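Okay, structure first, notes after.
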Amino acid sequence: MTRIVAGSAKGRSLAVPKSGTRPTSERVREALFSRLDHMNVLAGTTVLDLYAGTGALGLEALSRGSAHATLVEKASSAARVASANVRSTGLPARVITADARSFLAARTGEELRGDIDLVFIDPPYDIAEADMTSVLSSLGPWIGPDALVVVERSTRAPAPTWPPFLVLEDQRTWGETVAYFAGPPLPKNEPEDGADAVADAPTSSANVEETR
């Protein structure tokens, strides 16, 4: 058994399958969510939890203020356990039994126009790197321009290969686990109306400020 660490469902027990999953330890989950709390990315967000297993990451986010979560798990036995955890906690989540790549492939369209604010990707440690890259590349139509993607991996695994619409913002290591935090690149600053005219106007060193 494991439990929700903090929030409205703090202390609620979560069932864990006897085999076939690798739940994030409570210690790592507490450290991860302390970081997310510090980043102010949980309140009111829509969450996608891929390779959800028991659903612990998505349910922890909901307990701490996220609005809704979709938990995607390929193994039917684990998905049943995740569904039981959703019912027992009463948190607003749905469980979908599907392969992560197949699930993501069902949505196409323009990148960064989606409704997902926070994505958890916690795959098996032995996942092929090509599959990991494919999952990240398929997130484009699902996430919004301010989304955060959290990838949890073994410290022995290579770093993810990020698609063009995601850039690494931070990474943290806790024991044998490393978490990568990535999001869409900041938009390029476009000149405001009249900026070109100002740029063409003569200036003196006295009235020019360097901005960063």
Side-chain angles (χ1 to χ4, degrees), residues 5-7 24 28-53 55-74 82 86 91-96 98-123 127 129 131-153 157 159-174 177-190:
V5 175
T24 301
V28 170
R29 190 151 33 94
E30 183 171 12
L32 171 61
F33 277 91
S34 292
R35 178 61 182 153
L36 295 177
D37 279 330
H38 180 74
M39 297 171 74
N40 296 316
V41 297
L42 292 173
T45 55
T46 299
V47 177
L48 177 60
D49 186 359
L50 300 173
Y51 306 95
L57 291 177
L59 295 175
E60 185 77 39
L62 292 172
S63 180
R64 294 173 183 248
S66 293
H68 186 269
T70 299
L71 315 178
V72 181
E73 171 55 48
K74 179 180 179 179
V86 171
L91 294 168
R94 63 170 179 159
V95 178
I96 296 179
D99 174 75
R101 289 173 299 166
S102 299
F103 174 82
L104 294 175
R107 180 180 292 189
T108 59
E110 191 173 352
E111 294 173 352
L112 306 183
R113 297 292 183 181
D115 56 352
I116 301 297
D117 307 302
L118 178 60
V119 182
F120 293 111
I121 303 177
D122 183 15
I127 185 175
E129 291 308 307
D131 292 345
M132 184 80 253
T133 300
S134 175
V135 166
L136 290 169
S137 298
S138 300
L139 287 174
W142 290 86
I143 62 175
D146 299 317
L148 180 70
V149 177
V150 181
V151 178
E152 188 177 316
R153 300 285 275 138
T161 300
W162 303 105
F165 57 83
L166 289 175
V167 295
L168 180 65
E169 298 178 358
D170 193 12
Q171 72 180 66
R172 298 296 173 99
T173 300
W174 302 292
T177 299
V178 57
Y180 300 91
F181 302 81
L186 294 175
K188 295 180 179 179
N189 292 328
E190 296 182 359

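Everything numeric here is computed off the predicted structure, so don't read it as measured data. Hydrogens, waters and symmetry mates play no part in the numbers below; they use all other heavy atoms, side chains included.
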- Does Arg107 CZ have over 12 foreign heavy atoms under 6.0 Å away?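 Check passes, neighbour count above 12.
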- Could you tell me how the ring of Trp162 sits relative to the ring of Tyr180: parallel (under 30°), tilted (30 to 60°) or perpendicular (over 60°)? perpendicular
Rounded distance [0.5 Å steps], [atom1] in [X] versus [atom2] in [Y]:
{"X": "Thr177", "Y": "Arg172", "atom1": "OG1", "atom2": "CZ", "answer": "15.0 Å"}
{"X": "Ser137", "Y": "Arg101", "atom1": "OG", "atom2": "CZ", "answer": "12.0 Å"}
{"X": "Glu60", "Y": "Leu91", "atom1": "CD", "atom2": "CG", "answer": "9.5 Å"}
{"X": "Asp99", "Y": "Leu104", "atom1": "CG", "atom2": "CG", "answer": "9.0 Å"}
{"X": "Ile143", "Y": "Asp115", "atom1": "CD1", "atom2": "CG", "answer": "11.0 Å"}
{"X": "Phe165", "Y": "Leu136", "atom1": "CZ", "atom2": "CG", "answer": "7.5 Å"}

Quick check against the 3.5 Å criterion: does [X] have a side-chain atom that pairs as donor or acceptor with the backbone of [Y]?
{"X": "Thr133", "Y": "Glu129", "answer": "yes"}
{"X": "Glu73", "Y": "Gly53", "answer": "yes"}
{"X": "Thr70", "Y": "Leu48", "answer": "no"}

- Decide yes or no on side chain to side chain contact (heavy atoms under 4.5 Å, CB included) for Asp146 and Asp117, but give the supporting numbers first. CA-CA 7 Å; Asp146 299 317; Asp117 307 302; over 6 Å; no
Is any side-chain heavy atom of [X] closer than 4.5 Å to a side-chain heavy atom of [Y]?
{"X": "Leu32", "Y": "Leu57", "value": "yes"}
{"X": "Val150", "Y": "Leu118", "value": "yes"}
{"X": "Phe103", "Y": "Ile96", "value": "yes"}
{"X": "Leu166", "Y": "Val151", "value": "no"}

- Among all residues two or more places apart in sequence or in another chain, which pass the salt bridge (charged side-chain N to carboxylate O under 4.0 Å, His left out) test with Glu169?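 Once residues adjacent in sequence are excluded, Glu169 has no partner under the salt bridge (charged side-chain N to carboxylate O under 4.0 Å, His left out) criterion.
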- Chi angles and distances behind the side chain to side chain contact (heavy atoms under 4.5 Å, CB included) call for Leu50, Leu139: CA-CA 11 Å; Leu50 300 173; Leu139 287 174; 4.3 Å; yes
- Query: Which of these passes side-chain contact (heavy atoms from CB on, under 4.5 Å) with Arg153: Asp122, Ile127, Ile121?
  - Reply: Ile127
- Item | Matching residue for Ile116 among Leu148, Thr46, Thr45 - test: side-chain contact (heavy atoms from CB on, under 4.5 Å) | Thr46
Looking only at heavy atoms, which two atoms of [X] and [Y] are closest? And how far apart?
{"X": "Ala93", "Y": "Leu62", "value": "CB-CD1, 3.7 Å"}
{"X": "Val47", "Y": "Gly58", "value": "CG1-CA, 4.5 Å"}
{"X": "Pro184", "Y": "Gly144", "value": "CG-O, 3.7 Å"}
{"X": "Pro145", "Y": "Leu112", "value": "CD-O, 3.4 Å"}
{"X": "Pro123", "Y": "Tyr51", "value": "CA-CG, 3.6 Å"}
{"X": "Ala82", "Y": "Gly55", "value": "CB-N, 4.3 Å"}

- Task: Kindly state each residue pair satisfying side-chain hydrogen bond (donor to acceptor under 3.5 Å, both in side chains) with at least one member in residues 32-44, sequence neighbours excluded.
- Result: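 Those involving residues 32-44 are Arg35-Asp170, Asp37-Arg64.
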